[in-house]
Enquirer: 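Starting off with a structure, shown below.
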Amino acid sequence: MHIDAPLTIALPKGRIFDDTLPLLARTGIEPLDDPQTSRKLILETNRPQVKLVLIRASDVPTYVQYGAADLGVVGKDVLMEHGGEGLYEPLDLGIARCRLMVAGIPGAGLGPGRLRIATKFVHSAERHFAAQGKQVEIIKLYGSMELAPLVGLSDLIVDLVESGNTLKANGLVPLEHIADISARLVINKASWKTKHASVTALLEALRGAVAAA
Amino acid sequence: MDAERWLLPVGIEEILPPRAEAVEGLRRELLDLYRGWGYELVFPPFIDYLDSLLTGTGHDLDLQTFKLTDQVTGRMLGVRADMTPQVARIDAHELRREGPARLCYLGTVLRTRPDGFAGTRSPLQVGAEVYGHAGPESDVEILRLVMLTLGAAGIDSAYLDLGHVGIFRGLARQAGLSPEQETALFSVLQRKALPEIEALIATLGVAEPSASMLLALAELCGDDALERAAGILRAADPGVREALDYLRRVADELRGWLPEVPIHFDLAELRGYRYKTGVVFAAFVPGWGQEIARGGRYDDIGRVFGRARPAVGFSADLKDLLRHGAPAPAQAGGAVFAPWSTDAALQAEIVRLRRAGRRVVTELPGQAVTPAQLGCEERLVREDGLWILTPCD
């Protein structure tokens with residue numbers, strides 16, 4: 001892999017970061033500092049041209065769209081909320097897999113009247129119910145969605161489901177499948193054009209790493 | 001509330017010294033440049049009937065256009081969000097020239113939402129258009145003007161991104177896609193979302209060779225894209241290959257004029273797909289995530305105004321250009337301070353200096369600031385009955 005232009009890769013902390021590092025390692029990119037112990041937000045790597053920046057998952061599209069980072073890794077759930085405008089998303093990294101689902105107390109959501117949906121994924125939830133011809137009221141929450149139906153804040157929730165254990169522990173069941181989610185490589189449009197050789201070299205190397213994973 | 005009266009609306013800015021002078025300097029330089037190339041200046045109105053604004057390039061600007069009701073007719077008015085449809089109307093309905101018409105324009109447009117990174121809602125739009133000529137020659141002329149425009153702003157490291165909407169349009173037609181299917185594919189193609197493109201092509205049941213050609217389109221980019229396209233799109237309809245040939249001619253001729261400008265092709269980049277008919281392009285600068293100038297060919301844009309003619313043009317935001325450029329510094333010689341006096345010799349010297357292009361700031365009686373605080377580098381002092389310039393302390 002030949003990279004001669006400086007490239008900044010935005011990575012969200014947490015699970016995606018942990019799963020992305022092995023893929024990057026397979027392309028020959030490794031952080032110099034131990035990300036577990038370092039408190040740095042910009043990590044240098046063994047490739048002097050490549051830097052990693054650690055940010056919140058929901059900020060990754062913004063960083064990449066505006067070119068503060070050339071590339072980024074972000075869940076499809078975040079991209080669906082953001083709209084993906086101004087970004088290229090050419091590669092499914094196949095990591096951090098989960099499902100975006102409608103969930104609730106068994107039998108919930110069948111009655112008449114306008115449903116209240118608690119979710120962090122406002123746009124995705126709106127689109128999903130609109131496609132079914134249902135007018136719903138969205139209640140934006142930032143976490144612990146499972147609580148909302150239990151305390152009467154909402155009829156249903158829209159949330160990411162991995163194993164389903166959190167739902168089960170709170171007496172909820174998955175009701176409808178909205179989308180399969182996995183992490184995507186996103187690329188800034190201008191970087192794609194002005195650093196084309198380096199960006200595509202990294203893209204191809206990652207594609208190889210994903211295929212080999 | 002009162003304490004925040006100074007606050008400006010989101011995306012609206014005041015341009016202060018010295019930037020205002022730089023903006024005005026660039027404005028003059030650009031208009032002189034276009035004039036030298038035979039482009040005639042037009043001033044389209046700031047507000048217009050909405051249905052006339054939302055034509056052609058304006059289609060995509062419905063949400064971006066500020067709207068108000070005309071108290072005279074009851075019709076909807078819009079504040080221009082893009083001047084291109086207005087200039088198209090001027091060509092089609094007012095000028096009605098035979099042969100090519102070259103028009104340029106410069107003015108503030110308003111957008112309802114902050115636009116991208118710069119976050120402005122009031123770009124100072126500058127642009128130029130050629131009407132009445134179909135062919136690579138006028139495309140190349142516009143592209144040369146784009147680079148000269150960037151050069152005037154002091155931007156000398158721009159990349160040109162070239163594409164042609166006829167390639168995707170032809171492939172979609174060849175694959176027998178309905179308008180809805182074409183729109184769906186267009187949307188995932190703009191994001192180069194390969195997994196989704198693949199899934200969509202499979203869902204739509206597109207047959208070979210169309211399926212592989214549409215899939216390959218997303219990655220037909222880079223400086224060698226045309227060479228690769230010749231092989232990959234071998235089985236495409238003649239219209240697609242004509243579009244490729246056309247793009248090659250534009251690029252070849254452009255390289256002759258501007259050998260130092262990096263050209264990047266992206267055959268899946270379809271800015272303004274709905275109204276563009278040929279070459280599309282944008283200019284980028286390294287380190288900035290968004291395009292700084294854009295344009296393309298939109299033949300027949302004037303049809304809704306009664307006269308369909310070939311058209312090609314570009315536009316940019318002058319304030320955006322200035323942000324990325326290093327415009328030539330203001331002409332040498334700082335301001336001159338003149339003391340308050342009705343002395344005829346002093347007044348004559350002031351007139352002489354101003355005629356010579358110097359900036360002369362006269363003292364007002366009772367003022368308590370020094371010449372240096374007024375930004376003056378020199379001052380007029382009387383020595384032996386003569387007014388002469390000496391440096392300020």
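Lettering of chains follows the sequences in order, A, B, ..., and the numbering in each one begins at 1. In this text the structure is predicted, and so the values were computed from the model without any measurement.
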Enquirer: Which residues in residues 182-196 of chain B have any heavy atom closer than 4.5 Å to a heavy atom of chain A?
Expert: B:Gln190, B:Arg191, B:Lys192, B:Ala193, B:Leu194, B:Pro195, B:Glu196
Enquirer: Can you run down the salt bridge (charged side-chain N to carboxylate O under 4.0 Å, His left out) pairs that involve residues 42-53 of chain A, sequence neighbours left out, and say none if there aren't any?
Expert: none
Enquirer: Restricting to pairs with a member in residues 8-25 of chain A, which pass side chain to side chain donor-acceptor pair (under 3.5 Å), not counting sequence neighbours?
Expert: A:Arg15-A:Glu162
Enquirer: Distance only, no hydrogens: is a donor on one side chain within 3.5 Å (strictly under) of an acceptor on the other, for A:Gln132 and A:Glu176?
Expert: yes
Enquirer: I'd like to know which of A:Pro6, A:Ala190, A:Gly84 tops the heavy-atom pair count under 4.5 Å against chain B.
Expert: A:Ala190
Enquirer: Examine whether an atom of A:Asn188 lies under 4.5 Å from a heavy atom of chain B, and if so say whether it belongs to the side chain, the backbone or both; otherwise answer neither.
Expert: side chain
Enquirer: Taking only Lys NZ, Arg NE, NH1 and NH2, and the carboxylate oxygens of Asp or Glu, determine whether B:Glu219 and A:Arg207 approach each other closer than 4.0 Å.
Expert: yes
Enquirer: State, without any angle test, whether B:Asp82 and B:Gln125 hold a side-chain donor-acceptor pair at a distance under 3.5 Å.
Expert: yes
Enquirer: Considering only heavy atoms and a distance below 4.5 Å, find which of B:Pro262, B:Ala282, B:Pro286, B:Cys221 pairs most often with chain A.
Expert: B:Cys221
Enquirer: Answer with side chain, backbone, both or neither: which region of A:Leu203 has an atom nearer than 4.5 Å to a non-hydrogen atom of chain B?
Expert: side chain
Enquirer: Salt bridge check: are B:Arg271 and B:Asp161 linked by an N-O gap of less than 4.0 Å?
Expert: yes
Enquirer: Sequence neighbours excluded, which residues qualify as side-chain contact (heavy atoms from CB on, under 4.5 Å) partners of A:Glu81?
Expert: A:Phe121, A:Val122, A:His123, A:Ser124
Enquirer: Checking the side chain of A:Arg184 only, and the main-chain atoms of A:Val73 only, is there a donor and an acceptor separated by less than 3.5 Å?
Expert: no
Enquirer: Which answer fits B:Glu269, side chain, backbone, both or neither, if we ask what part of it has an atom under 4.5 Å from a heavy atom of chain A?
Expert: side chain
